[in-house]
Amino acid sequence: MKKNLAFVLAVCLAFASAGCGSASSGSASQPASQFASQQSSAASEAAGAAKPTTDPSGATVEIPDQIDTIVSLAPSITETLVALGCGEQLVAVDTNSQGLEGVAEDLPAFDLMQPDMEQLSALQPDVLFVSNMTLYDNSSPYEQLIEQGVCVLCVPSSDSIADIQDDLAFVAAAVGREQEGEAMVEQMQAEIDRIAAIGETITDKKTVYFEISAAPDMYSFGGGVFLDEMIEIIGAENILGEETGWLRVEPETIMAADPDVILTNVNYIEDPVGEIMGRSGWDALSAVKNQQVYYVDNMASSLPNQNVVKALDQMAKAVYPEYYEG
């Protein structure tokens, strides 16, 4: 993927609505955390348990019992579907999902934010997965598809690890892979607990600046973003933690905060670490002087799914190698 997904998320989610428009007639207010709890119980029941009746956006949905064809217009969901064993059911994806492991190279690909609705209609998938980044400014973007019998499931991009786990449980339940989904969440939580246990022992906390878009248009994040939560889990502090959401950052802010460590997941320039190290005036920063600037996998740190634990491990080892290495 050539485009920095974290930057796309930062810009788009800042303006996207919380939901995905009218994914069906009717609505529901069941919170995702309550749903995930119910699905964890359902996973232990016999196969063929009732499918969810609402999606994480709160829309009422009717998921078919038999799902043969799936379209995914969110790379985070695409990765989850492949991990659940549904890769062969994918008949189309968004362009950002092209090249992902487990995704066939010859699948039709759609623009994530403005897909061609006529072409989607022609595919007639059993299920269409979308996030709130797709056609977010339309009040009823999927009405045409729903009227033709396509089940549209909206999974808004989550801002916390708990919500990401809820989303995994929902996707797994929707495609009839409850047990696989439960195992995925358990493995994810085990890794988080392992790292958090170490992080809780760290009293001399380092300060971190995590850059998701390079100069001159620097972006990062404050509280209310899963990456901020991850910085806390490893035992560090986000220099922008007092702010909220995705943020455009001025160089003066970073200079004043003087972080101990700088992390970046920028992947659209050749050497993001070298670019930061070579910025004019930044040689006065502690992180630069001490060569504490590190790259974190873009996909793992950008996409809200089970792979955030990979980024969490990389962040932990970069900031505190003395605690997490070995």
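Since the structure is predicted, the reported quantities are computational estimates derived from the model, not experimental observations.
In this structure, the side chains of Asp166 and Pro56 stay at 4.5 Å or more apart for every pair of heavy atoms. Within the 4.5 Å cutoff, the side chain of Leu112 has heavy atoms near those of the Pro75 side chain. Using a 4.5 Å heavy-atom threshold, the side chains of Phe129 and Val71 count as separate. Side-chain contact between Ile67 and Ile63 is present, with at least one heavy-atom pair separated by less than 4.5 Å. The shortest distance between side-chain heavy atoms of Val93 and Phe110 does not fall below 4.5 Å. Two residues are said to be in side-chain contact when any heavy atoms from C-beta on lie closer than 4.5 Å; Cys154 and Pro156 meet this criterion. Side-chain contact between Val208 and Asp260 is absent, with no heavy-atom pair separated by less than 4.5 Å. Between Val266 and Ile212, every side-chain heavy-atom pair lies at or beyond the 4.5 Å cut-off.
Remark: Glu191 pairs with Arg194 by the side chain to side chain donor-acceptor pair (under 3.5 Å) rule, at least two apart or across chains.
There is no side-chain donor-acceptor pair under 3.5 Å between Gln144 and Tyr142. Side chains of Glu62 and Thr53: no donor on one and acceptor on the other come within 3.5 Å. Side chains of Ser301 and Asn265: a donor-acceptor N/O pair is present below 3.5 angstrom, by distance only.
In plain terms, the two heavy atoms of Thr78 and Ser97 that are nearest each other are OG1-OG, 2.9 Å. Closest heavy-atom contact between Met184 and Ala83: CE-CB, 3.6 Å. Of all the heavy atoms in Thr69 and Gln124, the pair that sits closest is OG1-O, 4.0 Å.
Separation of atoms CE (Met218) and CD1 (Ile276) is listed at 8.0 Å; rounding is to 0.5 Å. Expressed to the nearest 0.5 Å, how far CD of Glu101 lies from CE of Met299 amounts to 11.0 Å. Considering CD1 of Ile70 and CD of Gln89, their distance stands at 4.5 Å, rounded to 0.5 Å. Between atom CD1 of residue Ile195 and atom OH of residue Tyr320 there is a gap of 13.5 Å, rounded to the nearest 0.5 Å. One distance of note links CG of Asn267 with CG of Asp297; it measures 9.0 Å at 0.5 Å rounding. Between the OH atom of Tyr294 and the CD1 atom of Ile262 there is a distance of 11.0 Å, given to the nearest 0.5 Å.
When atom types are taken as modelled, the side chain of Lys206 and the backbone of Val319 share a donor-acceptor pair closer than 3.5 angstrom. Panel note: side chain Gln292, backbone Asn290; a donor-acceptor pair is recorded below 3.5 Å. When atom types are taken as modelled, the side chain of Asn305 and the backbone of Asn307 share a donor-acceptor pair closer than 3.5 angstrom. Although no hydrogens or angles enter the test, the distance criterion places no donor-acceptor pair under 3.5 Å between the side chain of Thr253 and the main chain of Val249.
The pair Asp217-Arg248 counts as a salt bridge, with a side-chain nitrogen and a carboxylate oxygen less than 4.0 angstrom apart. Salt bridge absent: Glu79 and Lys310 never bring a charged side-chain N and a carboxylate O closer than 4.0 Å.
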Show me the side-chain donor-acceptor pairs of residues 222-234 shorter than 3.5 Å, one per line, residues at least two apart or across chains.
from: Asp228; atom 1: OD1; to: Asn238; atom 2: ND2; distance (Å): 2.9
from: Glu229; atom 1: OE1; to: Ile161; atom 2: N; distance (Å): 3.0

**Q.** Candidate pair Trp246 and Ser220, rule side chain to side chain contact (heavy atoms under 4.5 Å, CB included), full reasoning
**A.** CA-CA 6 Å; Trp246 305 99; Ser220 186; over 6 Å; no

Q: Kindly determine whether Thr264 and Tyr209 satisfy side-chain hydrogen bond (donor to acceptor under 3.5 Å, both in side chains), including the steps that lead there.
A: CA-CA 8 Å; Thr264 177; Tyr209 165 57; over 6 Å; no

Q.
Go through it in stages, so that I can follow the logic: the residues are Thr207 and Val261, the test is side chain to side chain contact (heavy atoms under 4.5 Å, CB included), and I'd like the CA-CA distance, side-chain angles, deciding distance and then a yes or no.
A. CA-CA 6 Å; Thr207 55; Val261 181; over 6 Å; no

Q: Given side chain to side chain contact (heavy atoms under 4.5 Å, CB included), test Leu73 with Ser131 step by step and report yes or no.
A: CA-CA 7 Å; Leu73 297 185; Ser131 73; over 6 Å; no

Q: Take Gln291 and Met277 through the test side chain to side chain contact (heavy atoms under 4.5 Å, CB included) and record every step on the way to the result.
A: CA-CA 8 Å; Gln291 297 187 348; Met277 296 284 289; 3.8 Å; yes

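Annotation: Glu322, atom CD; neighbour count of heavy atoms from other residues, nucleotides and ligands within 6.0 Å is above 12.
The only option from Phe221, Tyr219, Tyr295 that meets the ring pair (Phe, Tyr, Trp, His ring centres under 6.0 Å) definition with Phe210 turns out to be Phe221. None of Asp163, Asn132, Asp167 except one satisfies the side-chain contact (heavy atoms from CB on, under 4.5 Å) rule with Ser157; the exception is Asn132.
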